Amino acid sequence: LLSFMRNYGALVHCSLRDQFSGFNVAFTDVDLIEVFRGVRGFRIFSSIEVLNELRRAYIPEVLPKFVVHDFTNLSKVHSISRFRSCAGHEFPDSFERGSSLKHYYEPYDEYKGTLNRVEVFSPVNGTIMAIVPEGKVLPTGEPRGMRIHILVDDYPGFMIELFHVNVFENVTVGMKVRAGDMLGYFDMRDANDFDIAVSYISPVGIKYYSYFDVMSDEVFIEYRRRGIVSRDQMKFPYEERIKCPCNFTYFHPEDWVNLSPIEQPVALVTLNSLVPRILRQYEEVELKLVLTNLGEVTARNVEVEVISAEDIEIDSETIHVGALDGGRSLKFKLKIKPLTAGSKLITFKLSYLDEEGRWQVENYYAWIKVLEVRGELEAIPPKLKLKVGREHRLTITIKNAGQIDAPFTLVVEGVNVKVSQPSFTVNTSAGGEVNITLTVAPLSEGSGELKLKLLFQNIVQSTAKILIEAWKVRGELH
């Protein structure tokens, strides 16, 4: 059930996720087979397959949209190559080969051969990690510009690579940049295009993604106005490319998408979710959703559906909106309650008909961190001997073993035992303890019991039982 490969740690089948919760392992859904007398294991054909499973376990499941400004002046661009195209040369990563895992931008002819006509902007907030000379050398003997590497703020591991840039002198390694900061101009000497790549640096290799997959809707709408139908239009599917790897010897028109020279009005609906990033387990809160049509044309049949929310109760799974006019926003509220602690992901599917009556479908995500609420009863004696007719004091310790301050309610029920106060509510700090004193009195001679139940918002956290042996004091005259 475990597979080890060099220094990459353990690979565990996803059916064992609960048993290995908290361990530093990666999970896989590769089918298990019987390998020896009832022992199950992975069907592994090569070390490459093992490595690919580990790599998939370490790369992000959901891509953030951290590109909030375009990296160039789109009005000067005529066409763009698709991700995994056969344009240019092979540009692989640690996971796949046989294609170009970046985008080339071809400007209009009037900008070719220039040094200072096509602007370069930082598309993200980040830090310049490196500025290195390009490998291509011009007839003059100098490199065709520099390559800029920008580490993205708030998203560790992600990096933007800008190719063939004539960098401003004040742009240096280590400096912080804001989205929209101008960094220089693209060097278009002896060239037809310039390029951009988006990488994720993981413990098991580099993974490249399409620039369009990390682009915010506010940036993407400019491409929609220039005729791009969807983000998927800008990349070849992986399954399609591995069946037909590139040889990079011929020009393929299908590798390129031409932009419309004239902007057209469009409908583009975006979804934003507003929820506290940190919640308390079992806490019911409002999740605010904001639908906005960034375009100019009415979007029709707008609908939002919750398609996954593991261990989270949601009061409504579908929101039917209907028509949403251009430039208009609508707000909605959902009630959610996380049932378990940990990092949680809510996935929304937004669908609508655009300006041409085409279905547009996009997934949006809300990440929340749920802190554990856990109360425990401590120092509970299993059995007590008490005298009938007398009151006795008993100390109960409530421990907050969770991650956040929380109020707990202790409910006490007596069988053949009178309890002066049947319930107590106390506020506790994370990791702290509170002592509660019970006053009890046996009602009659014989056996009895105290039933203790610790609650948080009517959810049982811990229970305990104390057996009572009651006896009377007898005196006789002789």
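What you see is a predicted model; the values in this text were computed from it and never measured.
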message: Tell me whether the NZ or CZ atom of R117 lies within the 45° cone about the ring axis of Y111 and under 6.0 Å from its centre.
response: no
Heavy-atom neighbours of F251 CZ exceed 12 at 6.0 Å: yes
query: Any Lys/Arg nitrogen of D354 or R300 sitting under 4.0 Å from an Asp/Glu carboxylate oxygen of the other?
result: no
task: Provide the closest heavy-atom pair for S85 versus C246 in the form atom of the first, atom of the second, distance.
output: O-SG, 3.5 Å
Lys/Arg N to Asp/Glu carboxylate O, E286 vs K333, below 4.0 Å: yes
message: Can you confirm whether the side chains of Y223 and D70 place a donor and an acceptor under 3.5 Å from each other?
response: yes
message: By the definition ring-ring contact (aromatic ring centres under 6.0 Å, His included), identify the one residue from W256, Y104, Y108 that meets it with H78.
response: Y108
field: Test item: S216 side-chain N/O and V67 main-chain N/O as donor-acceptor pair under 3.5 Å
entry: yes
message: Enumerate the salt bridge (charged side-chain N to carboxylate O under 4.0 Å, His left out) contacts for residues 87-96, please, sequence neighbours excluded, ordered by first and then second residue.
response: R84-E96, E90-R97, E96-K207
query: Going by an N to O cut-off under 4.0 Å, is there a salt bridge joining K65 and D217?
result: no
D193/K112 ion pair, N-O < 4.0 Å: no
- request: Anything under 30° is parallel, anything over 60° is perpendicular, the rest tilted; go ahead and classify F168 against Y185.
  value: perpendicular
message: Is it the case that the ring center of F91 lies less than 6.0 angstrom away from the ring center of Y208?
response: yes
task: Answer yes or no: does atom CZ of R358 have more than 12 heavy-atom neighbours from other residues, nucleotides or ligands under 6.0 Å?
output: yes
task: Decide, yes or no, whether a salt bridge links R231 with E362 under the criterion of side-chain N to carboxylate O below 4.0 Å.
output: yes
- prompt: Is it true that Y200 and F158 have ring centroids separated by less than 6.0 Å?
  reply: yes
query: Below 4.0 angstrom, N of the basic side chain to O of the carboxylate: do E376 and R374 qualify?
result: yes
query: Does the ring centre of Y155 sit less than 6.0 Å away from the ring centre of F66?
result: yes
Ring-ring centroid check H89 F248, cutoff 6.0 Å: no
Side-chain (S260) to main-chain (E263) donor-acceptor, under 3.5 angstrom: no
query: Is a salt bridge present between E355 and R224, judged by a nitrogen-to-oxygen distance below 4.0 Å?
result: yes
- line: The residue among F163, F121, Y105 that forms ring-ring contact (aromatic ring centres under 6.0 Å, His included) with F71 is Y105
Acceptor/donor pairs from residues 317-324 side chains to any protein atom, 3.5 angstrom cut, sequence neighbours excluded:
residue	atom	partner	partner atom	Å
H320	ND1	E303	OE1	2.7

Sidechain N-carboxylate O distance under 4.0 Å for K102, D195: yes
